[in-house]
Structures are given as structure tokens and as C-alpha cells.
Amino acid sequence: MKRHNDLPLSEILKQWSKKDKLQPMLVQKKVQAGWEEWLGKLIAKNTDKIFVSNRKLYIHMKSGPIKYEMNLGREQLLQLINQKIGENYFEEILIR
């Protein structure tokens with residue numbers, strides 16, 4: 001017998017992750033997992049740390065010139081990452 005409030009498991013997990021504030025951690029793991037594939041080996045090799053806080057993506061770089069170049073294309077990077085994770089999650093990217 002089918003109930004009227006049946007939801008797919010994916011929808012239930014999505015609601016649960018948002019409710020329990022797990023979403024930032026899940027988004028951070030998605031970005032870390034896809035970082036090298038999305039931006040290439042050179043940038044991944046020079047990335048020190050990636051973390052998420054308050055809908056902002058913090059990226060710590062080892063190389064000054066690469067950090068400068070990434071700051072120039074910060075808006076395109078923001079669009080790319082939001083597209084790759086499948087939602088418009090990040091409001092800002094801070095590269096340090």
C-alpha cells in the first residue's frame with residue numbers, strides 16, 4: 001500500500017543533511033574530491049587547504065603567482081564550482 005507522504009530516499013537524505021547542518025561538510029567533501037579533476041594537477045598540487053564556512057569557500061594556496069591568477073578569475077571559479085556540485089551553494093570564494 002502506497003502512502004501519500006512517500007519520498008525518494010535521495011530527497012529524504014537531502015532534507016536530513018540540511019536540517020542537521022551536515023550540508024557544509026558534505027559540500028566541502030565534494031569540492032575536495034573533485035578539486036584536481038576540475039582545476040588540474042598544477043592547481044591541486046599547489047593547494048594547501050580547502051574548507052567551507054558560512055557559504056564561503058576558503059582556499060589556501062602555496063604559490064603566490066597561482067593565487068594571484070586564481071583571484072583574477074574568482075567569479076568564473078565560483079560559477080564553475082557551484083555548477084560542479086550541482087547547486088548554487090557558495091556566495092563567495094576567498095583565496096589566501
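Under the 4.5 Å side-chain heavy-atom criterion for ILVMFWY residues, a single connected hydrophobic cluster contains both Tyr89 and Leu80. Cluster annotation: Ile50 is connected to Ile43 through the hydrophobic network of ILVMFWY side chains, with a link wherever side-chain heavy atoms come within less than 4.5 Å. Hydrophobic clustering (ILVMFWY, side-chain heavy atoms < 4.5 Å, transitive): Leu42 and Ile95 are in one cluster. Tyr58 and Ile93 fall into different hydrophobic clusters, where Ile, Leu, Val, Met, Phe, Trp and Tyr side chains are chained together by heavy-atom contacts under 4.5 Å. Hydrophobic clustering, with ILVMFWY side chains joined whenever heavy atoms are under 4.5 angstrom apart, groups Val31 together with Leu78.
With rounding to the nearest 0.5 Å, the separation of NZ in Lys41 from CD in Glu36 is 5.5 Å. Note that the CE atom of Met70 and the CG atom of Asn46 stand 10.0 Å from one another [nearest 0.5 Å]. Summarising the geometry, atom NZ belonging to Lys67 is positioned 9.5 Å from atom NE2 belonging to His60; distances are rounded to the nearest 0.5 Å. The CG atom of Asn88 sits 9.5 Å away from the CD atom of Gln79 when rounded to the nearest 0.5 Å.
Heavy atoms only, all atoms of each residue included: Ile85 and Lys30 are closest at O-NZ, 3.5 Å.
Gln28 contributes a side-chain N or O that, together with a main-chain N or O of Val52, makes up a donor-acceptor pair within less than 3.5 Å. Side-chain atoms of Arg55 do not come within 3.5 Å of backbone N or O of Glu92 as any donor-acceptor pair.
A 4.5 Å side-chain heavy-atom check between Thr47 and Leu39 finds every atom pair outside the cut-off. Within the 4.5 Å cutoff, the side chain of Ile81 has heavy atoms near those of the Trp35 side chain.
By the neighbour-count criterion of 12 heavy atoms within 6.0 Å, atom OH of Tyr68 is sparsely surrounded, having that number or fewer from other residues, nucleotides or ligands. Environment of NZ in Lys45: sparse, with no more than 12 heavy atoms of neighbouring residues, nucleotides or ligands closer than 6.0 Å.
Partner of Met61 under the side chain to side chain contact (heavy atoms under 4.5 Å, CB included) criterion, chosen from Asp48, Asn71, Ile66: Ile66.
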